Amino acid sequence: MTPEEAIAEQERLRPLVRPWADPDLNVRYVAGLDVSYADDDRLAGAVVVLDVETLYTVDTAVVLGTADFPYLPGLFAFRELPPLVRALEKLSVTPDLLVCDGQGLAHPRRFGLACHLGVVTDLPSVGVAKTPMGRFEQPSEERGSVTDLVEDGEVVGRALRTREGVKPVFVSVGHKIDLDRACAEVLRLCVVRLPETTRRSDALGRAQLR
DNA sequence: GCGACAG
DNA sequence: ATCTTGTCGC
């Protein structure tokens, strides 16, 4: 697939994004997804499902693969989506929400990894990125404070302070959830700066490459 | 033309 | 993404 074809694919799928929650959305099992890279082009896609009430891990899956698409800003999903979908297929527990390592609507074409993964799986999803794609004001220092993340004059996500005195993370809607809910769900996954979902899937993926 | 650009 | 445990500072 060429970058031009990838962009066309994003434009084709973008209308399928539903940036609101089903009335009956109840989040108990949350999946964190991440891809780790080796020195060569091997990679590991990892997913960890935890019970949001206890933060206990209830299911995990890892797959080994190769990087078949380069990292290009705006086309990140075409590199990470294949191993992540394969990992999701290995789960025994169906997650209620996917927490992705990257952007959702906070994307130049409003179709970041979290949107793509949400649409492909038809599961609610949110993007949690460590660096922003857009402009934002610094949220105040206390845990839970937020500011808008703005791109092209529209609010595409939020900067969320997940712990006092740390850099914010950048939350955007992926699919089948609204921004308020997305921020609330992410915040309750955070013991330190990054959500436990992200931390555990990251650890699982890198361990698999050893 | 130049800089910016998730992981 | 990756290099990476203990250590410095609030």
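The structure presented is a predicted model; accordingly, all values stated were derived computationally and were not measured. Per chain, numbering begins at 1; letters A, B, ... match sequence-line order.
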(request) Give the rounded distance in Å between these two atoms: CZ of A:Arg206 and P of C:dT4. (result) 11 Å
(message) Once you apply a heavy-atom cut-off of 4.0 Å, does A:Leu43 come out as touching a base, just sugar-phosphate, or nothing?
(response) nothing
(message) Regarding A:Arg199 and A:Asp101, does a basic nitrogen lie under 4.0 Å from an acidic carboxylate oxygen?
(response) no
(request) Run the salt-bridge test on A:Arg12 and A:Glu9 with the 4.0 Å N-O cut-off and return the result as yes or no. (result) yes
(message) Using a heavy-atom cut-off of 4.0 Å across all strands, would you classify A:Leu33 as base, sugar-phosphate, or nothing?
(response) nothing
(message) Less than 4.0 angstrom from a charged side-chain N to a carboxylate O is my criterion; do A:Arg161 and A:Glu164 meet it?
(response) no
(message) Work out how far the P atom of C:dT5 is from that of C:dA1, and round it to whole angstrom.
(response) 16 Å
(message) Check this for me: A:Arg135, atom CZ, are more than 12 non-hydrogen atoms of other residues, nucleotides or ligands nearer than 6.0 Å?
(response) no
(message) At 4.0 Å (heavy atoms only), tell me whether A:Phe76 reaches a base, stays on the sugar-phosphate, or touches nothing.
(response) base
(request) Please state how far atom CG in A:Asp202 lies from atom P in C:dA1, giving the value in whole angstrom units. (result) 7 Å
(request) Please report, rounded to the nearest Å, how far the C1' atom of C:dA1 is from the CZ atom of A:Arg199. (result) 18 Å
(request) Indicate the ring-plane relationship of A:Phe111 and A:His116, choosing parallel, tilted or perpendicular according to the 30° and 60° boundaries. (result) tilted
(message) Any carboxylate oxygen within less than 4.0 angstrom of a Lys/Arg side-chain nitrogen, looking at A:Asp34 and A:Arg200?
(response) no
(message) Between P on C:dT2 and CZ on A:Arg210, what's the gap in Å once rounded to a whole number?
(response) 11 Å
(message) With a strict under 4.0 Å distance from non-hydrogen atoms of chain A, what nucleotide opens and what nucleotide closes the contacted stretch of DNA chain B, reading 5' to 3'?
(response) B:dC5 to B:dG7
(message) Using whole Å, what does the distance between atom P of nucleotide C:dT2 and atom CG of A:Asp40 come to?
(response) 13 Å
(message) Using a 4.0 Å heavy-atom cut-off, does A:Gly74 contact any base of the nucleic acid, only the sugar-phosphate backbone, or nothing at all?
(response) base
(request) For A:Leu81 and C:dA1, give me the distance from atom CG to atom P, rounded to whole Å. (result) 18 Å
(request) Identify the residue among A:Thr57, A:Leu97, A:Leu33, A:Val99 that makes a side-chain contact (heavy atoms from CB on, under 4.5 Å) with A:Thr197. (result) A:Val99
